[in-house]
Q: 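First the structure, then my questions, so here it is.
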Amino acid sequence: MITRFAPSPTGPLHLGHAYSAILAHDMARKAGGRFLLRIEDIDQSRARPHWEDQIYDDLRWLGLSWDGPVLRQSERLNIYREVLDILWQRDLLFACSCTRRDIEAAISAPQEGVSYGPDGLIYPRTCRESGARKPGQILPDAALRLNMARAAQDIAFEEICELHRGTHRISRTDLIAKVGDVVLARRDMGTSYHLAVVLDDAAQGITHVTRGADLFEATQIHVLLQKTLELPTPAYCHHDLIRDGNGKRLAKRDDARAIAKYRADGASPDDIRRMVGLHPSSW
Ligand code: GLU
């Protein structure tokens, strides 16, 4: 078993992160497997070195040790680019320089119904036919979207944790209708969370992905990309989100629930485990 924790260094780790990290760590340790760490820092406009340092510090304080070197996404941009080139050659991508406003305007045209997919508004296919197509002609200022009509196939994945336990099957038709032409390379990053997470989970040999239930809907995109790129599909565990007293899910900006804050207030790592409902550590 190989599990991972994959935080973005864009703010302090909070209780929700601690929950993900402890779960993935304990799962691997119990099974005699490996627990890996990945820093998801492709959004260079938001990633900061001091948040990355704080992640290492908080994890060590929680008593979580990771195996092998840390994988940093910012060092893998060439790999993401190579795979985008392959998908482009396979005619599975198109370039799109629509702004968010263009997309909203196209969707609010009277004949179109507004619907939401895992990435927000479902893209109305505006550029699919008109986008630049020839290899080598990827527009530098354009996003690259997956041509879902060409890429979609029936997929399935196994969910091993309580909230969504079971086999999930998603049909080709549903991927086209309910997910649509998702962005695989944002114009400002040259990649996307979806593409990077799939390539990195495969590169790190992850067998069990443990993360918050907010990413459950995105998993169908990841599984489709795995199938398209002939990569293995791991088992998934989407755990419940830690919420505040008002039932609101914790965001990274919620400094009030930052691990660092609890540390400063004198909490112990076992107090954090208890707060997120996981048993005190025996490691
Ligand atoms: N980097 C994501 C986050 O900060 C997690 C991605 C994942 O676990 O797949 O929440």
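All ligand and atom numbering here is 1-based and tracks the order in the structure.
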Q: Can Arg145 and Asp119 be counted as an ion pair, charged N to O under 4.0 angstrom?
A: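 Asp119 and Arg145: not salt-bridged.
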Q: Looking only at side-chain N and O atoms, does His17 offer a donor or acceptor that is under 3.5 Å from a partner on Asp58?
A: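 Side chains of Asp58 and His17: no pair found under 3.5 Å.
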Q: List every atom of ligand 1 that sits less than 4.0 Å from any heavy atom of Arg4, numbering the atoms from 1 in the order shown and giving each element.
A: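 With Arg4 as reference, the close atoms of ligand 1 come out as 7 (C), 8 (O), 9 (O).
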Q: Where does the angle between the aromatic ring planes of Phe216 and His238 fall among parallel (under 30°), tilted (30 to 60°) and perpendicular (over 60°)?
A: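 Perpendicular: the ring planes of Phe216 and His238 meet at over 60°.
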Q: Minimum heavy-atom separation for His208 and Ile160, please, with both atom names.
A: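 What the structure gives for the nearest pair is CD2-CD1, 3.6 Å.
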Q: Number the atoms of ligand 1 from 1 as they appear, then name those within less than 4.0 Å of a heavy atom of Val197, with their elements.
A: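 Those atoms are 9 (O).
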Q: What I want to know is whether Ala6 and ligand 1 share at least one N or O pair that is separated by under 3.5 angstrom.
A: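 Between Ala6 and ligand 1 (N or O atoms, distance only) the closest approach is under 3.5 Å.
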Q: Do we see a donor-acceptor contact under 3.5 Å between the side chains of Ser20 and His239?
A: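 A pair is found: one side chain offers a donor N or O, the other an acceptor, under 3.5 Å apart.
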Q: Does the distance from a Lys or Arg side-chain N to an Asp or Glu carboxylate O, for Arg29 and Asp67, drop under 4.0 Å?
A: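 Here Arg29 pairs with Asp67 in a salt bridge, since their nearest N and O are under 4.0 Å apart.
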Q: Is any N or O atom of Tyr193, backbone or side chain, closer than 3.5 Å to an N or O atom of ligand 1?
A: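 Right, the criterion is met.
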Q: Under 3.5 Å between some N or O of ligand 1 and some N or O of Arg211?
A: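 Yes.
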Q: What atoms of ligand 1 come within less than 4.0 Å of a heavy atom belonging to Glu40?
A: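 Contacts of ligand 1 toward Glu40, numbered from 1: 1 (N), 2 (C), 5 (C), 6 (C).
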Q: Does only the side chain of Gln73 get under 4.0 Å from ligand 1, or the backbone, or both, or neither? Count heavy atoms.
A: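 None of Gln73 does.
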Q: Would you check the N or O atoms of His17, main chain and side chain alike, for any that come under 3.5 Å of an N or O of ligand 1?
A: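 No, no N or O pair falls under 3.5 Å.
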